[in-house]
Amino acid sequence: MQFAKALINWYNTHQRDLPWRHSTQAYEIWLSEIMLQQTQVKQALPYYLKFLKHFPTVHDLAKADEDQVLKLWQGLGYYSRARNLHFTAKDISKNYNGSFPTTYKNLLQLKGVGEYTAAAIASFAFNEPKAVVDGNVYRVLSRVFGIDTPINSTEGIKQFKIKANELLDRKNPATYNQAIMEFGAIQCKPKQPNCLFCPFQNICVAFQQSKIEVLPVKLKKTKVKTRYFNYLIIEDERENILLNKRNQKGIWQNLYEFILSDTTKQIDDFPLDKFQYLPKIKSKDIRLLNSTPIKHVLTHRKLFVRFWQVKLSEAFDPQLAEHYEIVKHDQLNDYAVPVLIENFIKQYVLRA
DNA sequence: AAGGCGGGGTG
DNA sequence: CACCCAGCCTT
């Protein structure tokens, strides 16, 4: 309890003013926690405000189209979160009469809600004494108590969860959970933590043994594969553009993009013959828009991307709509697209 | 148990 | 360049 008390003391004088901390509504807590998964506060904040404005209640979110949800989510990444968010909103609206489950155990049943998020909602909205264990908590506990079990090993996950729940202030689970995460985020940071003015300097194993740099221990490194993307932007005489919806599993599922050739090796020309359903295009009518490929890095992919343009002198065959979206030039902004595409559109304003 | 899944920020 | 972020889901 000494640890918890010191932590809460620190929190009372150092905490940031964040909008979701003013709410105890499960809907608002849930929304914030989904957005904050693997995402820093600064990045999630504008999205949180935007979503709450568009969808004040879970019913409003449930009524929306997935395309609209994804469009609002555009740029935040990990788009399965947005799809699960929408699924769960419909689930809550329809099967839970609009009210979120009130216990950790039942919150875990919701799609997109894992152990961390269930503990966060249970403690923040319902005062249930469950310790959150996120990246901040791993870092703080491994350093203060000198735990070098890899945080992403089965053993480590178990061990840190036990430790976190032992330390939890069971009378103030909400404040305690906020406090330990805030402490990890702004004091016990990954790089250059503020050990000089740390309330735990006297007991911190990592500080006393100069192990700040090596704790927490983490296994694994994701292997990054290189891919070559070639996008074909086809425009007809009426300023329509063809978009493809990514339906398969994989990156950017359910987002839109131009016609894509995805290869493991660099190619010279756009491979028109690979596509069954396109208008008749002669390769001499294809123009490369960026001679230097755009480099776009994801967690496990390194993409080199080129954009090609075709302007047709006739209108698209309406039959194309069975395979692609035929989109008016000025409606391009209504579609959820990867940041990569968004950046390109902004840069090369395709003239009308 | 391991791998897939974004985008932005830091040193 | 490597590593991290209020993780979760699938295989």
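Atom set for the values below is all heavy atoms of this structure, side chains included, hydrogens, waters and symmetry mates excluded. Lettering follows sequence order; numbering is per chain, from 1.
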Over all strands shown, is Ser80(A) touching base, sugar-phosphate only, or nothing at heavy-atom distances under 4.0 angstrom?
nothing
Taking atom P in both dG8(B) and dC8(C), compute the distance separating them and give it to the nearest angstrom.
22 Å
Residue whose nearest DNA chain B nucleotide is more 5′ - Lys42(A) or Lys249(A):
Lys249(A)
When the distance from CZ of Phe160(A) to P of dG7(C) is rounded to whole Å, what number comes out?
15 Å
Would you indicate what Val132(A) reaches in the nucleic acid, counting non-hydrogen atoms under 4.0 angstrom: base, sugar-phosphate, or nothing?
nothing
Rounded distance (Å) that lies between atom P of dA6(C) and atom CD of Gln37(A):
12 Å
Length of the CZ-P vector between Arg246(A) and dC5(B), whole Å:
9 Å
Using whole Å, what does the distance between atom C1' of nucleotide dG7(C) and atom NZ of Lys111(A) come to?
16 Å
Taking any heavy-atom pair under 4.0 Å as a contact, classify Val113(A): base, sugar-phosphate, or nothing.
sugar-phosphate
Which is true for Arg21(A) with a 4.0 Å heavy-atom rule: it touches a base, it touches only sugar-phosphate, or it touches nothing?
base
Over all strands shown, is Thr117(A) touching base, sugar-phosphate only, or nothing at heavy-atom distances under 4.0 angstrom?
sugar-phosphate
Determine, for Glu182(A) against Arg16(A), whether the closest basic-nitrogen to carboxylate-oxygen distance falls under 4.0 angstrom.
yes
Which nucleotide in the list dG4(B), dG11(B), dG8(B) gets nearest to the side chain of Lys225(A)?
dG4(B)
Which whole-number value in Å describes the distance from Gln38(A) CD to dC9(C) C1'?
13 Å
Given the side-chain rings of Phe229(A) and Phe307(A), with only the six-membered ring counted for Trp, is the space between their centroids under 6.0 Å?
no
Check this for me, if you would: do Lys328(A) and Glu239(A) make a salt bridge, where the nitrogen-to-carboxylate-oxygen distance has to be below 4.0 angstrom?
no
Grab the CD1-C1' distance between Ile251(A) and dC9(C) for me, whole Å please.
17 Å
What contact category does Ile34(A) fall into here, base, sugar-phosphate, or nothing, at under 4.0 angstrom with non-hydrogen atoms?
nothing
Determine the interatomic distance between C1' on dC5(B) and the same-named atom on dC4(C); round to the nearest Å.
16 Å
For Trp20(A), answer base if it contacts any base atom (sugar-phosphate contacts may also be present), sugar-phosphate if it contacts only those atoms, and nothing otherwise; contact means non-hydrogen atoms under 4.0 Å.
base
Roughly how many Å apart are dG6(B) and dC3(C), using the C1' atom of each and rounding to a whole number?
15 Å
Looking for any heavy atom pair under 4.0 Å, which part of the strands does Gly184(A) touch: base, sugar-phosphate only, or nothing?
nothing
For atom NZ of Lys94(A), is the number of surrounding heavy atoms from other residues, nucleotides or ligands below 6.0 Å larger than 12?
no
Between dC3(C) (C1') and Leu219(A) (CG): distance, integer Å:
15 Å
